[in-house]
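Note that the numbering runs from 1 along the sequence shown for the chain.
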Amino acid sequence: MNATRTTTARRILDEYGETYAHEAGIRLRDTPAPLYQVLVLSVLLSAPIRAGTAVAAARELFADGLRTPRRMADATWQRRVDALGRAHYRRYDESTSTALGDGARLLLDRHHGDLRELREEAGGDPDRLRALLQEIPRIGPTGADIFCREVQTLWPELRPYADRRVREAASGAGLPRTPKALARLVAPGEFTRLADGLVRMSLTPGAAGKPRGA
């Protein structure tokens, strides 16, 4: 059974195992700019919109130079709307532009634009970290989960992080639901890829809960 589960996990990595941060072009490091970019991506992915559209919107914002809280806060509302529109991030472009501007200013005011300060305030407590993240506009429980899932390779107190969506997809693929049991199926540095791969698989029409060939 363990061998079968390990094989299934490997197939998920092979077929679906690109992280959303990597797809958005974020070079993940424990420094202010890439951490903020993951936060922006989390805001965009939280909306009830296709994940591919949300990732494209993040890439448009970053390509327009809006990669830091200062640049995001200084940009005009219309500039942010235009970037979102180029990615066809419709229906939510205006409200999301407002939320991104407000969130950037909050980060600058409270944490000097550095999410590592928010992490320090959480004191190594993942639940406290999630609560602090949800004080940022448009970051609710889903957005906090996405952020924690993407940065867990950088912030070890979060590992292994598997939110409800990951656990449900794991169960549908015949894998264990608990984060620790899931993590044992892959190398330590691959767990974020597995978690995101499970989410991607769950969003893929016809995947039927299992990777191809499983």
Sole candidate of Leu100, Asp102, Thr96 that passes side chain to side chain contact (heavy atoms under 4.5 Å, CB included) when paired with Thr98:
Asp102
Run the numbers on Tyr36 and Met72 for side-chain contact (heavy atoms from CB on, under 4.5 Å), then give the verdict.
CA-CA 10 Å; Tyr36 175 67; Met72 188 70 78; 3.2 Å; yes
Give a yes or no on whether the backbone of Ser97 and the side-chain of Arg80 come within a donor-acceptor separation of less than 3.5 Å.
yes
Are Glu190 and Arg193 within salt-bridge range, i.e. N to O under 4.0 Å?
yes
Taking Leu194 as the starting point, is it possible to reach Leu203 by hopping between hydrophobic residues whose side chains are less than 4.5 Å apart?
yes
Is it the case that the side chain of Arg165 and the backbone of Val199 share a donor-acceptor pair, with hydrogens and angles ignored and the cut-off at 3.5 Å?
no
Looking only at heavy atoms, the pair that brings Pro34 and Ile26 closest together is O-CG2, 3.9 Å
Between Asp30 and Arg119, does at least one N-O distance fall below 4.0 Å, as a salt bridge requires?
yes
For residues Ser95 and Arg138, is any side-chain donor paired with an opposing acceptor at under 3.5 Å?
yes
Looking at CG of Leu45 and OG1 of Thr142, how far apart are the two atoms once the value is rounded to the nearest 0.5 Å?
10.5 Å
Looking at CZ of Arg11 and CE of Met201, how far apart are the two atoms once the value is rounded to the nearest 0.5 Å?
12.0 Å
Test log, rule side-chain contact (heavy atoms from CB on, under 4.5 Å), inputs Val40 and Leu44:
CA-CA 6 Å; Val40 170; Leu44 298 170; 4.0 Å; yes
Given the ring of Tyr20, does Arg200 sit roughly above its face, with NZ or CZ under 6.0 Å from the centre of the six-membered ring and within 45° of the axis?
yes
Name the atoms and distances for all side-chain donor-acceptor pairs under 3.5 Å in residues 170-186, with sequence neighbours left out.
unit_1 : atom_1 : unit_2 : atom_2 : d
Thr178 : OG1    : Ala181 : N      : 3.4

For Arg159, what residues pass the side-chain hydrogen bond (donor to acceptor under 3.5 Å, both in side chains) criterion, not counting sequence neighbours?
none
Side-chain donor or acceptor of Arg67 paired with backbone N/O of Phe62 under 3.5 Å
yes
What's the spacing between Leu107 CG and Glu117 CD if we round to 0.5 Å?
10.0 Å
Any donor-acceptor N/O pair, Trp155 side chain to Arg116 backbone, under 3.5 Å:
no
Please evaluate residues Asp82 and Arg86 with respect to the criterion salt bridge (charged side-chain N to carboxylate O under 4.0 Å, His left out), reporting the C-alpha separation (whole Å), side-chain torsions for both, the decisive distance (0.1 Å), and the verdict.
CA-CA 6 Å; Asp82 290 345; Arg86 287 193 295 273; 5.5 Å; no
Between OG1 of Thr19 and CG of Asp196, what distance do you get to the nearest 0.5 Å?
6.0 Å
Taking atom CG of Leu41 and atom CZ of Arg59, what is their separation to the nearest 0.5 Å?
11.0 Å
Charged N to carboxylate O below 4.0 Å: is that the case for Arg128 and Glu121?
yes
Side chains of Asp145 and Tyr161: do they bring a donor and an acceptor to under 3.5 Å?
yes
Minimum side-chain heavy-atom gap Ile146-Asp163 below 4.5 Å
no
Can you tell if the side chain of Cys148 reaches within under 4.5 Å of the side chain of Leu133, non-hydrogen atoms only?
yes
Measuring from atom CZ of Arg130 to atom CD1 of Ile139, what distance do you get when rounded to the nearest 0.5 angstrom?
11.0 Å
Counting only N and O atoms by type, is there a donor-acceptor contact under 3.5 Å from the side chain of Arg149 to the main-chain atoms of Ala144?
no
In terms of hydrophobic clusters joined by side-chain contacts under 4.5 Å, are Leu108 and Val38 together?
no
What are the two closest non-hydrogen atoms of Gly103 and Ile136, and how far apart are they?
CA-CG2, 4.2 Å
Can you check whether Ala56's main-chain N or O pairs, donor with acceptor, with Glu60's side chain at less than 3.5 Å?
no
Taking the side chain as every heavy atom from C-beta outward, state whether Val151 and Leu115 have any pair of such atoms under 4.5 Å apart.
no
Kindly indicate, with the supporting measurements, whether the criterion side-chain contact (heavy atoms from CB on, under 4.5 Å) is fulfilled by Leu28 and Glu150.
CA-CA 9 Å; Leu28 201 58; Glu150 295 296 316; 5.6 Å; no
Any chance you could lay out the side-chain contact (heavy atoms from CB on, under 4.5 Å) test for Arg91 and Ile49, step after step, and finish with the verdict?
CA-CA 9 Å; Arg91 292 194 299 156; Ile49 200 165; 5.9 Å; no
Minimum heavy-atom separation for Pro137 to Ala99, with atom names?
CB-O, 3.9 Å
Closest heavy-atom pair, Ser46 versus Gly143, reported as atoms and distance to 0.1 Å, is OG-CA, 3.1 Å
Give me the atom names and distance for the closest heavy-atom approach of Gly124 to Pro126.
O-CD, 3.3 Å
Mind checking what makes side-chain hydrogen bond (donor to acceptor under 3.5 Å, both in side chains) contact with Asp109, not counting sequence neighbours?
none
Indicate, with yes or no, if Leu61 and Val81 share a hydrophobic cluster defined by side-chain heavy-atom contacts under 4.5 Å among Ile, Leu, Val, Met, Phe, Trp and Tyr.
no
Can you establish whether the number of heavy atoms outside Glu120 located under 6.0 Å from its atom CD is more than 12?
no
Pair Glu135 + Arg110, salt bridge at N-O below 4.0 Å
yes
Side chains of Trp77 and Glu94 in contact at under 4.5 Å (non-hydrogen atoms):
yes
Residue pair Gly197 / Ile12: nearest heavy atoms and the distance that separates them:
C-CG2, 3.8 Å
Heavy atoms of other groups near Arg90 CZ, more than 12 under 6.0 Å
yes
